[in-house]
Structures are given as structure tokens and as C-alpha cells.
Amino acid sequence: MQLSHRLRALAALLAVVGGPLSVHAAQESAASISASSAPASILSSALSSVSASAVSSASVVPSSAPTSAPVSSSAAVSSSAPGPSSSAPVSLSSVLSSAPASLSSVISSAPASVSVSFSAASSASASASISSVASTPISASSAFISVSIPASNASISASTTAPPSVSVSASAAAAGSPSFNSGTGTETGPITVPLSEYTFSSFPVASSTPIPKVFVPVTPANPPPVSSDEIPDFAQAWADAYEKAEAFTLGLTVPEKVNVVTGVGWENGRCVGNIPAVGEWPGLCLEDSPLGVRDTDFNTAFPAGITAASTFNRSLIRTRGAFMGAEFKGKGVNLALGPMMNMGRVAQGGRNWEGFGADPFLSGAAAYETVLGLQSSGVQATAKHFINNEQEYKRTQESSNVDDRTEHEIYVAPFLQAVRAGVAAVMCSYNLVNDTYACENNRTLNQILKGELGFRGFVMSDWSAQHSTLSAVAGLDMSMPGDIDLGSHTSWWGPNLTAFVDNSTIPDSRLDDMVTRILASWYFLGQDAPDFPPVSFNAFNNNDPATNQHVDVQGDHWTVVREIGAAGTALLKNNGALPLNKPKNIAIIGSDAADASMGPNGFSDRGGDDGILAMGWGSGTANYPYLIAPVDAIQDRAVQDGTDVNWWFLDFNTAGAQTAAFGFEAAIVFANADSGEQYITVDGNAGDRNNLTLWHNADNLINAVAEVNNNTIVVVHSVGPCILEAWIENPNVTAVLWANIAGQEAGNSIVDVLYGDFNPSGRLPYTIAKSPSDYPAQPTGGGGPNDIISVPYTEGLFIDYRHFDAQNITPRFEFGFGLSYTTFAYSNLRTSTIAQQDHDSTQLEQAWAKGEATPNVEGASTAVWLHRPAFEVTFEVKNTGPVAGGEIPQLYLHSPDSSEPPSLLRGFADVLLSPGESQTVRITLSRYDLSVWDVDAQGWRKPSGAFQISVGASSRDFRLSGTLPV
Ligand code: BGC
């Protein structure tokens with residue numbers, strides 16, 4: 001008997017003995033059985049029948065299904081909803097009584113979140129209608145048809161195979177209503193992919209015609225220049241790659257194909273992830289991190305993503321990507337595991353520093369440039385972590401419960417830009433999204449990523465974030481690192497995938513699609529070139545002479561590290577103390593100014609805070625080739641200036657610090673705050689920060705020094721926002737520099753800014769609040785060791801500054817804020833429409849102008865007409881101060897849709913001006929920039945009304961305003 005039939009027979013058997021039941025391929029091998037009340041004897045005989053098949057073993061887990069739900073012999077019911085209505089029984093009788101089935105009773109009686117799955121033998125194709133909420137019929141003659149339900153923001157997906165088996169699953173989440181996300185709690189359990197036989201057809205991505213100077217055919221090696229109006233058209237490059245990939249796939253057996261999609265297992269290869277060679281195809285090396293090549297030497301430790309974002313400078317971000325890409329390729333890496341694009345929903349989020357800040361437009365722009373940069377050098381980029389991986393606490397056991405509009409407008413936004421940049425890979429995350437694991441989430445992977453965004457590359461799992469063999473049908477393409485738990489030597493795929501394909505549970509066409517996507521991405525980046533470098537390092541054993549060739553890939557990349565470190569530094573306060581001008585003497589206070597006592601790489605994966613902080617901890621790191629501490633760089637400068645230097649690095653000895661700082665022309669106190677990935681705990685912080693205070697007694701240290709020195713300058717190296725209220729208004733604190741985490745040149749970068757060699761132009765990529773409770777969301781705690789906790793995204797669209805603006809909360813320093821050593825004047829704002837000569841998309845554009853949503857078809861969200869520059873805003877910026885400097889003009893949209901936040905970043909530029917010089921700045925907006933996500937229509941829609949804009953120096957410092965001619 002085929003495996004799927006055995007499992008179905010088992011399901012029927014167990015249901016008869018009385019328990020609600022679901023059978024799914026889950027847990028330690030290919031199958032697990034979830035049952036609440038089946039006698040152990042039945043279970044064990046059932047187990048032996050399963051283990052006699054291709055599956056090596058099976059595990060039994062208690063079911064979370066409510067026993068009150070009526071169940072027939074082939075149905076499984078589970079209800080999961082935070083809040084009091086969660087245990088509401090759901091009547092399935094009408095669903096199960098006949099096919100075609102009506103799901104109306106399910107939806108109308110749905111609590112906040114309900115999942116239903118059933119399978120029934122039937123010769124009919126399934127169809128379902130949602131009569132009580134919308135009259136949209138679902139005719140399920142092919143897999144994965146979905147509609148969304150207007151009022152409750154529910155979605156139903158239905159799939160059916162050819163007779164005799166029909167399977168329908170439905171899920172509803174009243175995500176738009178506040179009650180869905182209110183409070184915290186635990187989930188009753190994940191919704192799993194129903195076991196069935198699946199049909200599959202790949203997503204046909206609509207092809208657009210190239211438009212000269214607008215939509216330009218490119219390859220990853222030759223992307224459009226930074227800030228050009230040109231939209232990269234990768235269609236031909238993907239088509240060429242697919243052709244080669246399809247041809248290669250044709251010649252492979254099922255086990256060979258399975259090898260292409262299944263990693264070799266943790267530590268079984270030289271890279272952090274490895275796909276084995278198949279025939280003449282050499283396999284793949286996957287390696288962290290978003291800031292440089294991890295686990296090797298003679299590499300560059302670049303500034304973190306958060307620092308790159310703080311530059312608000314696309315050229316620097318592109319260059320950083322290109323230099324990193326060259327290093328990955330130089331080491332023989334096929335896939336760089338970055339950029340990381342999670343949104344900093346909670347200020348304490350442990351990995352926020354790997355990403356690009358708390359605004360989707362900024363994060364999207366940075367992701368776009370980083371992907372173009374990385375891939376221009378020949379490495380495949382990996383956009384991660386898809387999606388809603390916003391805290392480290394229980395990252396594998398939390399369901400991020402997010403409404404569909406917020407998902408699209410905030411969390412998907414940077415991934416959309418990565419797809420527009422031709423990203424080759426996406427990594428799905430550890431968490432669950434609305435009760436379904438992100439790596440087996442049909443909604444996020446198939447419908448949104450591959451469907452709406454038209455993503456052509458492949459989806460890999462985060463390391464051990466895969467939870468079933470059936471994740472393949474939900475959109476996962478590659479299992480990383482291949483084993484179920486790191487080093488378990490078991491796999492959801494491997495032989496289990498072969499078995500599922502052989503018995504037709506997973507169609508051949510799906511496996512072919514997975515393989516084709518992986519191979520196409522390889523061809524897309526030209527990695528079939530014979531001179532693509534071989535892997536020359538061993539991530540798991542740097543000292544093995546046989547596997548480490550110590551190839552030096554650094555080039556002169558340190559130059560851009562130093563520049564980004566300076567350009568990513570925001571000047572938050574300056575009473576004239578800066579820039580320093582040949583000071584007679586200075587005192588340097590705080591361990592953050594010093595060299596790490598255990599060496600730059602003394603803590604594995606930087607899991608410690610000792611000396612200058614220049615990256616956070618975890619897998620998002622790289623080894624430092626060297627690390628310039630501020631004290632060293634300042635002393636180099638002191639040699640030139642003839643400055644006397646004193647220092648004090650004992651943070652907790654404030655009396656000693658006072659003695660060291662007393663009588664000096666300036667005292668510079670260095671402070672930091674660190675965070676990282678969950679698998680390392682530093683000072684009691686298990687990834688996420690426990691609080692938003694500076695580390696190492698810094699508040700006391702700063703105040704103590706300020707008590708004796710009325711020119712106390714504070715430099716902060718931080719992974720994210722901190723509360724500065726203890727000292728920020730102290731009049732003796734004369735200047736504050738927010739230096740983020742700057743990479744190997746950290747000391748030189750800060751010296752460039754302190755002494756005015758680099759006039760600061762960095763901007764905050766998040767809000768610095770006066771109190772932690774001012775932020776819209778806090779990390780979610782609680783839950784027992786086995787619980788899956790609910791993380792309700794009740795703040796919706798109002799993350800970071802959007803919340804402060806809407807609630808009229810005065811932050812300490814707002815998003816986009818940063819001072820300069822000079823001043824700038826803004827004038828002469830004009831807005832206009834950009835004339836289009838071509839008329840390819842006239843109908844779509846006219847429909848959009850009338851307020852109709854974009855069509856719900858493959859690739860609709862990345863269509864060229866939606867993203868091409870459509871409106872133009874110009875204005876003058878003049879340097880009105882004494883020195884040359886860079887300004888970051890920002891454009892904020894005030895949407896006519898009253899449910900949108902008051903201000904939305906929709907453009908920025910960087911201009912470098914000599915004293916007295918002015919420049920015309922041009923910022924363009926696309927139709928997408930003006931649109932909101934229409935949950936009912938599942939498309940982007942222009943709200944009606946006037947589109948006001950403001951242009952200025954931060955999210956609260958508006959200098960000019962106007963109206964778009966929409
Ligand atoms: C992290 C990923 C990383 C992977 C491989 C995971 O724990 O979440 O970001 O790429 O490990 O190191």
C-alpha cells in the first residue's frame with residue numbers, strides 16, 4: 001500500500017475509536033499522528049503499520065483539537081484563537097455532508113481564528129462558496145485557489161486533486177479587528193498542511209515588454225546605475241536561466257532531484273549550508289552573513305545593515321553589497337545568506353541590527369540596492385527572514401498574527417523590493433505566521449511571494465525551520481541544512497521526499513519546479529562559468545590545512561567600511577563641541593573606546609560585549625580581520641595634533657572616570673548596547689535586549705563624567721534605540737554621536753566624524769523614544785517550554801514613527817533625524833506628473849487612477865507600470881553654513897486614506913554641497929508608493945483624495961509641502 005493510503009487508512013481507524021484526528025507528515029521522521037484519545041494499543045499498531053512503509057519511524061503527539069467539535073470518519077478539526085471565543089465549536093456537518101461543499105457555516109461562526117481541514121472520497125470536484133460574507137465562489141478544479149473575505153479578512157484556500165480524493169482546507173482570521181491581536185496567549189497548535197495528493201502547476205509570470213529607458217533588459221551582472229529611473233527587467237535573464245535549468249532537470253532521476261533540494265546535513269560540508277554535487281553539477285555552498293563572509297579569514301567585516309541604512313545613501317549601500325558579493329564569490333560561496341530585512345517591530349528585537357531599520361520604504365530601498373550590489377558581483381543573494389521574524393524569544397514557537405494589509409504594506413514591502421532587484425533566493429523564517437509555520441505557509445510562500453510578487457528564484461528554509469515533508473506543496477524549495485534538527489541525521493526530505501513523490505502525494509511537477517528554481521538561480525548568476533572559484537574555506541574548522549586555503553578577498557574594501565561607518569553616524573546633539581579642532585587634551589572614557597581584551601574575535605560569533613562594539617552577535621556576523629578601536633584612532637590623530645590623551649575604561653568605577661576626565665578640554669564617553677541571535681545569551685540577554693538602557697553602567701558613567709567636565713561628548717555604538725533620558729538634557733553633555741555598529745574600521749570612522757573630516761549626514765533609521773512604553777509594541781514573552789505563543793501585531797501599520805505621529809507622542813529623537821556641522825535651506829518645491837510616451841499599460845493605469853485595485857494575478861505587485869516613476873517632486877537644497885556637508889532630504893506622503901499613518905517615508909536623496917552651493921533635488925514616486933493594499937480585492941489601490949507631501953530633514957522637520965498632481 002502506498003504511504004498516503006496507509007496514512008489515510010490509519011486516520012480512519014483512529015477516528016473510529018473516537019478522537020479528533022489529523023494525520024500529517026510531521027515531527028522526527030516523515031509522519032506523525034496527532035490524536036487526543038486513541039488508546040495506546042491502537043496507536044502502536046498504527047505506528048507499526050506506518051513504520052513498515054518507506055518511513056523510518058513515527059511519533060505520536062497529543063492533539064490540540066477541541067473534543068467538542070463534531071467529527072466524522074475522515075475529518076480533522078482544530079480551532080485556534082486567542083481570546084475567549086477560541087473554544088467555540090465549529091460545525092462541520094454542512095461541510096462534510098456533501099461535495100460540492102459549503103463553507104459558509106464555518107466562516108460565519110468563526111472565532112478569531114479557525115482552521116478546518118477535511119478530506120473525503122468523492123468523485124466530484126470540490127467547490128465552496130462563502131455565502132454569508134461574500135458571494136465569491138471557489139471552484140476547486142486546480143490547486144491553491146484562494147479568495148479573501150472582505151469583512152473578516154479571512155482567506156480560504158482550496159485544493160483538490162483528480163477524483164477520487166478531494167481535500168479542502170480553510171482558514172479564517174479576523175485580522176483586521178483589534179480583538180484578534182489583543183492580549184497575549186498561547187496557540188492551540190500549528191495548522192499543518194493536510195495530507196493529500198496534490199496537483200501542481202508553476203506560477204506563470206506575466207511577461208512585460210521592455211520599455212526603452214524605463215524597463216531595461218539587464219542581467220544581474222549589469223544592473224541599472226544607482227538612482228537611475230530605469231527599472232531592471234530581468235525577464236530575459238530568468239528565461240535564459242530557466243531554459244538551461246529545465247534542460248538539466250530533464251536528465252535527473254527523482255533521487256537526484258531530491259539531492260538538489262535537500263542539504264547534506266549540519267556540518268557535513270565546508271559551508272554553513274551545502275547542497276551536494278549531482279552529476280556534473282557541482283552543488284552549492286551557502287554561507288552567512290548579511291555583513292560579510294562568516295566563518296573564515298582574510299575577509300572584510302562590513303558595517304551592519306542598520307549602519308548602512310543610517311547612511312540613507314543608496315550609492316554606499318550598493319557599493320557595500322557589491323564588495324561583499326565579491327568577497328563571497330572570491331571564497332567560492334554560491335549563496336550569501338543576506339540581506340536580512342525584518343522590520344524592527346520591537347525596539348528590543350535581538351537581530352534588528354542585521355536589518356535596515358523600522359520603515360518599510362527605507363528597508364526596501366536598502367534591500368534593493370544590497371541585492372543589486374551582491375548579485376552584480378556574481379553571488380546569489382538571499383532575502384531573509386520571510387516573514388514576521390521580529391523577536392528572538394521563542395522564535396521557533398511563536399505565531400506572528402498579522403492582518404493582511406499590515407503584512408503587505410509593512411512586512412512584505414522590503415521583500416517586494418528584493419524581488420524587483422532579481423533576488424535569487426528567499427529564506428523562510430522560524431516562526432509561524434497566523435498559526436502556520438513560515439516554511440510551510442501556502443499563503444506567504446505560494447500566494448504572496450511566488451504569486452503576487454512573481455518571485456522566480458527559490459525558497460530555502462532557515463536552519464531547521466522546516467516542519468514537514470509536505471512543506472514542498474506549500475512553497476518550500478530547499479531544505480536547510482537538510483536534517484530535521486541540526487545533526488539529527490534525519491530529514492523531512494531526502495528519502496522521505498522521494499517516497500512522497502513516488503506515491504504521488506507530492507507531484508513530480510512540484511519537485512521539478514523546486515529543482516528548476518534552484519538551478520535557474522545558479523545559471524541566472526552565471527555560476528556555471530568554469531572560472532567560478534571553488535570553496536576555499538571550512539566554516540566548521542578554520543584550522544584544518546587541507547580545507548582552508550585562506551584566500552584573501554579583502555581588496556580595498558576597508559575604504560567603504562570606513563566611509564559607511566562615518567556616513568552612518570547621526571549627530572544627535574551639538575552645542576558647538578564638535579567638530580574637535582586640535583584639542584589641547586582629551587579624556588577618553590568607557591570600555592567601548594577600547595580594544596577587546598580577548599581580541600576582536602575572542603567571543604565565538606561575537607557573543608560578548610567587550611571593548612568597541614562593531615557588530616551584534618549570532619550568525620549575522622563575520623570574523624574581524626582587525627578592529628580599530630576609537631582609542632587607537634584618536635591617538636593617531638593626537639600624534640598629528642599634538643593632543644594629550646588620557647583614558648579610563650573601567651565602566652563601573654565612576655570615581656576613577658571622574659579623575660581621568662577632570663580638567664580636560666573635552667571628555668568623550670563611549671557607550672554601547674548589544675543584542676543578537678537567540679542561541680547565545682550575553683549578560684542575561686537571550687538575543688533580544690531585556691531593556692533599552694545602555695550597557696555597562698553607561699548612564700551613570702556619562703553623568704559622573706559630566707559632573708566634572710562641562711564638555712562631555714557622548715558616542716554611542718548600538719544595535720538599536722536606547723533610552724537616553726538619564727543624561728540627554730544634561731547641559732554638560734555638549735554633543736552626542738549615534739554611531740550604530742560600524743565594522744572593522746569603527747575607530748577610524750568615528751574619528752573622521754569627531755574631527756570633521758566627515759561632516760555627519762547619518763539619519764536615525766528608527767525612533768529614539770523617551771520611554772520604552774512609548775513604542776507601539778513590546779516583545780512578547782510567556783509560554784511554557786512546549787507552548788507556541790501568540791504574538792499579536794495589534795499595532796498594525798503603526799510601527800515606529802508612524803505610531804508616535806498618530807498618537808502625538810513626542811520622541812526624544814525622531815525617525816530620520818540627524819544634524820550636521822553645517823545648515824541647509826530648502827526652497828522651491830514643485831510637483832508634476834511624469835509623461836509617458838509608451839502606452840503598454842494604459843488600461844491598468846487608468847483603472848488605478850479611478851481607484852480600482854490592481855488585478856490579482858501573478859506578478860501583479862511587481863509590475864513595471866506600478867513601480868515606474870510616475871510623479872516627480874523637485875526642490876532646491878542650499879548649504880547655508882560654513883562647511884561642506886551632506887544633506888539627506890526626505891519626502892513624506894500624507895495619504896488621503898485616513899486609516900494610514902499621518903506620514904509615510906516615500907523618498908530620500910543624498911546631496912553633498914559646498915558652502916553656499918545649492919542643488920536641485922529630484923525625487924520620484926511610483927503608483928505603488930501612493931497605493932494601499934486592498935484586502936478585499938487583493939490588490940494595490942489608490943485611495944481617493946488629495947495626496948499631500950512634505951519634504952524636509954526628518955520625519956518631523958518638514959521644510960516644504962505640496963500636493964501631488966494625481
Ligand atoms: C539564522 C539564519 C542563518 C542560518 C545559518 C539561522 O539560525 O536564523 O539567519 O542564515 O542560521 O547560519
Side-chain angles (χ1 to χ4, degrees), residues 263-275 284-296 304-306 324 328 331 333-343 349-356 367 370 374 379-398 400 414-415 418 423-432 437-439 458-467 476 478-488 537-540 604-607 615-623 675-681 686-688:
V264 299
W266 182 239
E267 296 193 7
N268 285 339
R270 285 162 76 171
C271 303
V272 77
N274 305 274
I275 291 289
L284 297 171
C285 161
L286 295 80
E287 186 59 41
D288 294 306
S289 77
L291 59 66
V293 191
R294 184 186 178 204
D295 297 324
T296 184
I306 201 70
M324 289 196 300
F328 279 104
K331 290 281 186 183
V333 175
N334 299 97
L335 279 121
L337 301 178
M340 144 44 189
M341 289 128 61
N342 296 127
M343 282 310 310
R351 301 182 71 178
N352 290 356
W353 57 272
E354 295 184 44
F356 300 122
T370 304
L374 282 165
V379 71
Q380 301 180 48
T382 308
K384 71 185 189 184
H385 309 91
F386 195 71
I387 191 172
N388 309 124
N389 186 176
E390 296 286 340
Q391 64 175 49
E392 287 301 282
Y393 178 72
K394 277 195 177 286
R395 64 176 175 170
T396 60
Q397 286 172 267
E398 61 97 347
S400 295
F415 290 92
V423 74
V426 167
M427 184 191 292
C428 52
S429 52
Y430 283 120
N431 53 290
L432 302 89
Y437 282 107
C439 286
F458 70 93
V459 178
M460 71 175 78
S461 67
D462 200 340
W463 270 231
S464 296
Q466 187 187 12
H467 292 269
L476 185 68
M478 179 188 280
S479 171
M480 272 293 137
D483 34 18
I484 291 176
D485 293 312
L486 302 184
S488 67
F537 65 103
N538 184 343
F540 298 104
S604 170
D605 291 341
R606 312 299 82 76
M615 60 179 83
W617 74 76
S619 66
T621 55
N623 289 331
S675 73
E677 195 173 346
Q678 165 260 6
Y679 66 91
I680 298 174
T681 295
D688 301 323

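Remember, it's a predicted structure, so these values are computed and weren't measured experimentally. Each ligand, and each atom within it, is numbered from 1 in the order the structure gives.
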Could you list the atoms of ligand 1 found under 4.0 angstrom from a heavy atom of [X]?
| X | answer |
| --- | --- |
| Arg294 | 12 (O) |
| His385 | 2 (C), 8 (O), 9 (O) |
| Leu337 | 10 (O) |
| Lys384 | 2 (C), 3 (C), 9 (O), 10 (O) |
| Ser619 | 1 (C), 2 (C), 3 (C), 9 (O), 12 (O) |

Contact partition for [X] relative to ligand 1, non-hydrogen atoms under 4.0 Å:
| X | answer |
| --- | --- |
| Met340 | neither |
| Glu354 | neither |
| Arg351 | side chain |
| Glu677 | side chain |

Exercise for the section: Decide yes or no for Pro481 and Leu486: does some side-chain heavy atom of the first lie under 4.5 Å from some side-chain heavy atom of the second? Expected result: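 Of all side-chain heavy-atom pairs linking Leu486 with Pro481, at least one is under 4.5 Å.
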Exercise for the section: Flag the pair Phe356 / Pro414 as yes when at least one side-chain heavy-atom distance between them is below 4.5 Å, and no otherwise. Expected result: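 Sidechains of Pro414 and Phe356: no contact.
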Any donor-acceptor pair under 3.5 Å from [X] side chain to [Y] backbone:
| X | Y | result |
| --- | --- | --- |
| Tyr430 | Trp463 | yes |
| Tyr679 | Ser619 | yes |
| Asp688 | Gly350 | yes |

Problem - Evaluation steps, salt bridge (charged side-chain N to carboxylate O under 4.0 Å, His left out), between Asp295 and Lys331 - result: CA-CA 11 Å; Asp295 297 324; Lys331 290 281 186 183; over 6 Å; no
Handout entry: No-hydrogen, no-angle side-chain donor-acceptor test under 3.5 Å, Thr382 and Gln380
Key =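 The answer is no; no qualifying pair exists.
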Problem - Ring centroid separation Trp266 to Phe540 under 6.0 Å - result: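 Ring centroids of Trp266 and Phe540 are less than 6.0 Å from each other.
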Exercise for the section: Note the single closest protein heavy atom to atom 4 (C) of ligand 1, along with its residue, its atom name and the distance in Å. Expected result: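 In this structure, atom 4 (C) of ligand 1 has Asp462 OD1, 3.5 Å as its nearest protein heavy atom.
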Exercise for the section: Provide, to 0.1 Å, the distance between atom 12 (O) of ligand 1 and the closest protein heavy atom, together with that atom's residue and name. Expected result: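 Atom 12 (O) of ligand 1 sits closest to the protein heavy atom Asp288 OD2, 2.5 Å.
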Handout entry: Tyr430 heavy atom under 4.0 Å from ligand 1
Key =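 The answer is yes, since Tyr430 has a heavy atom less than 4.0 Å from ligand 1.
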